[in-house]
Amino acid sequence: MIVRSPRPSGNFTVLHNATIRDARLSWKARGILVYLLSLPDNWRTSAEDLARHAPDGRDSIRAGLRELETWGYLRRVKQRDDTGRVRTITTVYDRPLKLSAPETGFPAPVNPAPLEELRKRKT
């Protein structure tokens with residue numbers, strides 16, 4: 001049985017249940033995604049900054065971010081600024097990118113990693 005506290009009237013995040021229940025994502029990736037989506041628009045952060053807000057280390061956070069990128073919830077684009085420095089623009093999505101896959105209603109990832117490969121990365 002699930003017992004819920006009263007629903008908040010402010011300072012909360014609305015997220016589609018299908019995103020939260022996407023079985024392709026590890027619990028770590030889901031947690032990172034929910035945290036990122038709770039931040040204000042145009043917020044800047046890094047794996048190092050995220051690691052300061054949780055017991056996971058920087059490498060664990062980076063693995064979660066790669067997983068989100070694999071399944072289309074995160075997109076990184078490198079751009080050169082006016083001074084010639086390369087910076088990475090990261091965009092986080094509350095629904096994955098690309099065309100819907102019929103079995104899940106979610107898009108297929110750009111470069112789908114076989115499930116076995118993803119499992120190997122976790123160990």
Side-chain angles (χ1 to χ4, degrees):
M1 173 174 19
I2 296 173
V3 178
R4 299 184 73 145
S5 61
R7 300 209 179 220
S9 60
N11 199 25
F12 61 93
T13 301
V14 175
L15 189 57
H16 198 288
N17 284 337
T19 298
I20 297 167
R21 297 174 184 159
D22 188 345
R24 300 172 303 170
L25 297 176
S26 68
W27 290 111
K28 170 175 46 184
R30 292 180 213 199
I32 293 169
L33 179 62
V34 170
Y35 180 78
L36 291 172
L37 291 171
S38 76
L39 298 171
D41 288 347
N42 299 313
W43 189 265
R44 292 177 188 251
T45 192
S46 65
E48 292 78 10
D49 182 54
L50 293 172
R52 285 192 282 275
H53 297 279
D56 301 70
R58 181 195 66 197
D59 293 341
S60 176
I61 298 294
R62 286 182 177 170
L65 293 172
R66 281 192 304 272
E67 187 178 339
L68 292 172
E69 189 171 24
T70 296
W71 297 113
Y73 288 95
L74 185 140
R75 183 172 181 221
R76 298 181 232 218
V77 176
K78 295 194 183 288
Q79 293 181 343
R80 192 170 301 275
D81 66 17
D82 295 338
T83 66
R85 289 189 334 214
V86 175
R87 59 183 253 192
T88 302
I89 305 299
T90 302
T91 307
V92 180
Y93 301 93
D94 58 348
R95 299 296 297 268
L97 298 173
K98 297 294 171 196
L99 301 174
S100 293
E103 66 277 2
T104 64
F106 281 141
V110 177
N111 292 317
L115 190 54
E116 287 302 313
E117 183 182 330
L118 287 174
R119 287 185 180 138
K120 288 177 189 176
R121 289 184 198 168
K122 289 182 180 180
T123 58

With rounding to the nearest 0.5 Å, note down the distance linking [atom1] in [X] to [atom2] in [Y].
| X | Y | atom1 | atom2 | answer |
| --- | --- | --- | --- | --- |
| R76 | I89 | CZ | CD1 | 12.5 Å |
| H53 | I61 | NE2 | CD1 | 10.0 Å |
| T91 | L36 | OG1 | CG | 11.5 Å |
| T13 | D94 | OG1 | CG | 10.5 Å |
| T70 | L25 | OG1 | CG | 10.0 Å |
| L65 | S46 | CG | OG | 9.5 Å |

Transitive ILVMFWY cluster of V3, excluding itself - 4.5 Å side-chain cut-off: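 Reading the cluster by chain and number, V3 sits alongside M1.
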
Does one hydrophobic cluster hold both W43 and L33, with members joined at side-chain heavy-atom distances below 4.5 Å?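 Yes, it is one cluster - the side chains of W43 and L33 are joined through contacts under 4.5 Å.
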
Which residue pairs pass the side chain to side chain donor-acceptor pair (under 3.5 Å) test with at least one member in residues 77-86, sequence neighbours excluded?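 Pairs touching residues 77-86 that pass the test: K78-T88, D81-T83.
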
Side chain to side chain donor-acceptor pair (under 3.5 Å): which pairs involve residues 27-38, sequence neighbours left out?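 Residue pairs passing side chain to side chain donor-acceptor pair (under 3.5 Å), neighbours aside: K28-S60.
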
With sequence neighbours left out, write down each residue that passes salt bridge (charged side-chain N to carboxylate O under 4.0 Å, His left out) with R52, or none if nothing qualifies.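 Partners of R52 under the salt bridge (charged side-chain N to carboxylate O under 4.0 Å, His left out) test: D49.
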
How close do [X] and [Y] get, heavy atom to heavy atom, and via which atoms?
| X | Y | value |
| --- | --- | --- |
| P96 | W71 | CB-O, 3.3 Å |
| A51 | G57 | CB-C, 3.9 Å |
| G64 | A29 | O-CB, 4.1 Å |

Under the side chain to side chain contact (heavy atoms under 4.5 Å, CB included) test, which residues partner V14, sequence neighbours left out?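 Applying side chain to side chain contact (heavy atoms under 4.5 Å, CB included) to V14 gives F12.
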
Salt bridge (charged side-chain N to carboxylate O under 4.0 Å, His left out) contacts in which one or both residues fall within residues 53-64, not counting sequence neighbours: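 Checked against salt bridge (charged side-chain N to carboxylate O under 4.0 Å, His left out) - neighbours excluded - the pairs reaching residues 53-64 are E48-R62.
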
